[in-house]
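Here is the structure we will look at.
Treat the numbers as computed from the prediction; the structure is a model and nothing was measured. A note on names: the letters A, B, ... follow the listed sequences, proteins ahead of strands, and every chain is numbered from 1. Computation of the quantities below employed the complete heavy-atom set of this structure, encompassing side-chain atoms and omitting hydrogens, waters and symmetry-equivalent molecules.
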Amino acid sequence: MAAVATCGTGAGSTGSIAAAASKNNVTSFQRKGPRASGTDSGCSRLVSIAGTRPSVRNGQLLVSTGLPALDQLLGGGLAVGTVLLIEEDKYNIYSSLVFKYFLAEGIINGHTLLVASAKEDPADILQELPAPLLDDNCKKDFDEDVCNDKTPDSNIKMKIAWRYQLLPKMESGPVSSSRFGHYYDASKRMPQELIEASKWHGFFFPEKLSSTLNIESCSLTHGYRKLLQFIQNVIYEEGFDGSSPQKKQKNILRIGIQSLGSPLWGDDICCTENCDNSHSLTKFLYVLRGLLRTSLSACIITMPTHLIQNKAVIARVTNLSDTVVGLESFIGSERETNPLYKDYHGLIHIRQIPRLNNLIYDVSDVKDLAFKLKRKLFTIERLHLPPDLSDTVSRSSKQDLAESSKLLGPGCGMMAGGKKHLDF
Amino acid sequence: MFPELNNLLNTTPDRAEQGKLTLLCDAKTDGSFLVHHFLSFYLKANCKVCFVALIQSFSHYNIVGQKLVNIVELRGAVPSTWVTQGVSLTAARECGQLVFLEGLKSSVDVFFRAQAAPHPLQFLREADAGNLQPLYEFVREALKPVGDGQAAWRCPVLLVDDLSVLLSLGLGAVAVLDFVHYCRVAVCWERKGNIVALVHDSGDAEDEENDILLNGLSHQSHLILRAEGLATGFCRDVHGQLRVLWRTPSQPAAQRDRSLTYQYKIQDKSVSFFAKGMSPAVL
């Protein structure tokens with residue numbers, strides 16, 4: 001609610017410019033905390049919350065997504081107060097993994113978690129979190145992991161394609177002793193004592209079906225109303241919005257919502273094209289973003305957008321979220337056996353990055369990114385087309401390669417898309 | 001405000017036109033830099049601004065507004081000095097020049113607590129498609145002339161960022177068009193003020209309601225600024241293309257509308273505009 005402050009004097013033009021010039025000697029460098037409204041004091045203290053760091057661009061407070069490779073693509077991390085929307089891949093394999101990395105990062109950093117799901121009990125989700133690779137014993141394992149993949153002469157300087165040596169390398173190894181992003185071992189489970197030491201709230205929708213509400217009916221579906229009420233209760237009671245006195249150390253609330261929009265939440269947006277309450281999901285996202293902007297929290301939402309049949313809804317959902325990342329896995333598609341993609345497990349599309357407190361944002365130059373899940377590492381790399389070296393490659397497979405390369409994103413200038421393979 | 005955009009539009013804060021509806025439109029790109037431009041433009045022009053900000057928080061606009069570099073001459077100083085300054089929204093709000101409705105923060109209040117008085121965002125609590133009458137009352141109340149004769153704001157300006165999100169919140173395109181119509185009568189015609197609104201163009205996403213809204217507003221507006229992504233894809237040095245279209249809605253279409261196209265690159269503190277193909281990166 002905007003209060004109109006009645007100020008009696010409307011200053012004349014020249015006077016106000018002089019006054020404003022003397023008041024406004026604020027430089028553009030500001031060490032800024034998160035955009036929580038009530039926390040003006042103690043700005044320097046906010047920067048020292050565990051697991052956060054200020055952005056180098058505008059001092060925005062960032063948290064890690066759990067994947068250092070993804071952090072790098074998002075400009076350092078996920079800003080506190082924003083929503084990260086993951087468009088699920090077709091069988092929800094890698095998106096649930098990214099979801100778990102986010103929650104595991106929260107446990108390692110000591111953040112409070114709020115896990116909401118309509119499919120699995122949050123307690124079960126927390127049992128399946130990957131184990132962290134802590135610095136001392138991980139470097140040894142990691143080095144041998146990497147050595148198995150790299151060819152022995154990879155650190156020799158390139159002789160022919162020497163210009164490619166100058167290209168920036170994507171971050172592919174653990175940064176030594178950084179406390180910001182951690183690496184996880186997807187084959188091991190997080191130790192039980194770490195889970196029990198952490199503070200988490202779970203929202204399992206089938207359990208909450210029968211309890212009563214105190215919001216009068218609006219056009220949100222029942223599940224979304226309950227979830228919003230639950231999130232708001234947690235934020236308010238634990239003081240993430242600055243409402244309770246600041247005697248204890250400030251902390252971040254990490255919210256994870258799994259498969260939002262799926263029919264299990266009671267929403268029919270994935271079932272039909274013209275659904276009755278098509279505004280339910282978008283209204284939910286709007287109010288959720290309002291809650292996040294006024295509290296010290298960050299949210300990850302996975303959404304099965306490949307099931308949503310109304311493209312307009314996807315566009316609206318994208319506009320209502322801050323950061324949108326799409327995952328496309330090769331499992332089950334014809335690309336799984338395509339030699340072009342044999343090194344990778346899927347493509348990752350950064351669809352939207354927010355401009356927060358700034359006119360510009362960190363956008364990476366590389367638009368074709370692919371991810372690969374190894375046991376201890378989830379890497380995101382520029383999609384490389386392998387060189388066509390063999391002499392005995394038949395004409396038909398060359399045709400397939402040319403066809404597949406046409407499907408790459410518009411930013412890729414490496415191979416000309418064309419139907420015929422030009423044989424010189 | 002961006003001085004280069006002022007030159008393109010042939011306006012300065014001193015000579016701002018009145019009674020105009022400006023439509024900002026973006027297609028496949030982010031046109032919010034235009035909102036920052038017009039916000040600081042009208043604040044510099046000493047107009048009373050009512051800003052309905054539904055997408056971002058107050059501090060976002062404040063921080064960007066302070067970054068926008070404007071070189072102004074400090075009058076009355078001998079020798080004349082030039083200072084660079086942005087516009088401070090906090091100062092403007094405190095002295096009554098800016099009325100700011102922060103949509104995200106107020107939506108939380110409206111949604112979780114029943115309000116005694118009708119709130120501008122009352123439609124969030126309603127089950128079926130509501131109307132924007134409370135919001136219109138809020139705007140009219142905010143921009144009504146202060147009767148004590150002292151305030152000398154030039155003309156009222158309504159700035160909305162953005163209208164497409166109202167469609168996502170359960171309102172129909174007709175309700176939003178009605179709201180704009182009522183505001184035009186109250187602001188542009190009665191009080192000779194201006195309205196600036198941002199609408200997203202969904203392009204090939206087949207959003208019919210959005211298309212109705214966009215077409216309806218395009219026919220009513222005097223100036224359309226359309227920010228588009230480049231047709232050839234992503235480019236690091238040219239972020240997009242801006243099409244400027246001057247229209248005269250009331251006159252029949254015998255008079256040809258004037259249109260210009262420029263390309264732009266967004267930098268940290270300003271936006272630079274250049275003719276198509278004349279980006280400094282390629283020259």
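Between the CG atom in Leu54(B) and the CG atom in Leu320(A) there is a gap of 10.5 Å [rounded to 0.5 Å]. Rounding to the nearest 0.5 Å gives a distance of 11.0 Å between CD of Gln56(B) and CZ of Arg355(A). Interatomic distance, His279(A) NE2 to Glu209(B) CD, rounded to the nearest 0.5 Å: 6.0 Å.
A heavy-atom distance below 4.5 Å is found between the side chains of Phe112(B) and Val287(A). Counting heavy atoms from C-beta outward, Asp268(B) and Asn358(A) have side chains that approach closer than 4.5 Å. In this structure the side chain of Ser168(B) never reaches within 4.5 angstrom of the side chain of Asn319(A), judged on heavy atoms. For the pair Leu359(A)/Phe2(B), a side-chain contact is recorded, criterion being any heavy-atom separation below 4.5 Å from C-beta on. By the 4.5 Å heavy-atom criterion applied to side chains, Leu167(B) and Arg316(A) are counted as neighbours. The side-chain heavy atoms of Thr294(A) and Leu104(B), taken from C-beta on, include no pair separated by under 4.5 Å.
Side chain of Tyr286(A) to main chain of Val165(B): no donor-acceptor pair is present (N/O by atom type, distance under 3.5 Å, no hydrogens or angles).
Looking at Leu285(A), there are no atoms closer than 4.5 Å to chain B (heavy atoms on both sides), in backbone or side chain. Heavy-atom distances place both the backbone and the side chain of Ile55(B) under 4.5 Å from chain A. Only the backbone of Ser270(B) comes within less than 4.5 Å of a heavy atom of chain A; no side-chain atom from C-beta onward does. Proximity to chain A is limited to the backbone of Asp204(B), based on heavy atoms less than 4.5 angstrom apart. Using a 4.5 Å cut-off between heavy atoms, Gln267(B) contacts chain A through its backbone alone, with no side-chain atom that close. At a 4.5 Å heavy-atom cutoff, Tyr61(B) makes no contact with chain A through either its backbone or its side chain.
In terms of heavy-atom proximity, Phe111(B) sits nearest to Leu220(A) at CZ-CD1, 3.4 Å. Taking both residues in full, the closest heavy atoms of Gly290(A) and Ser107(B) are given as CA-OG, 4.5 Å, listed atom of the first, atom of the second, then distance.
Other residues, nucleotides and ligands contribute only 12 or fewer heavy atoms inside 6.0 Å of the OH atom of Tyr236(A).
Side chain to side chain, Lys67(B) and Asn357(A) fail the donor-acceptor criterion of an N or O pair below 3.5 Å.
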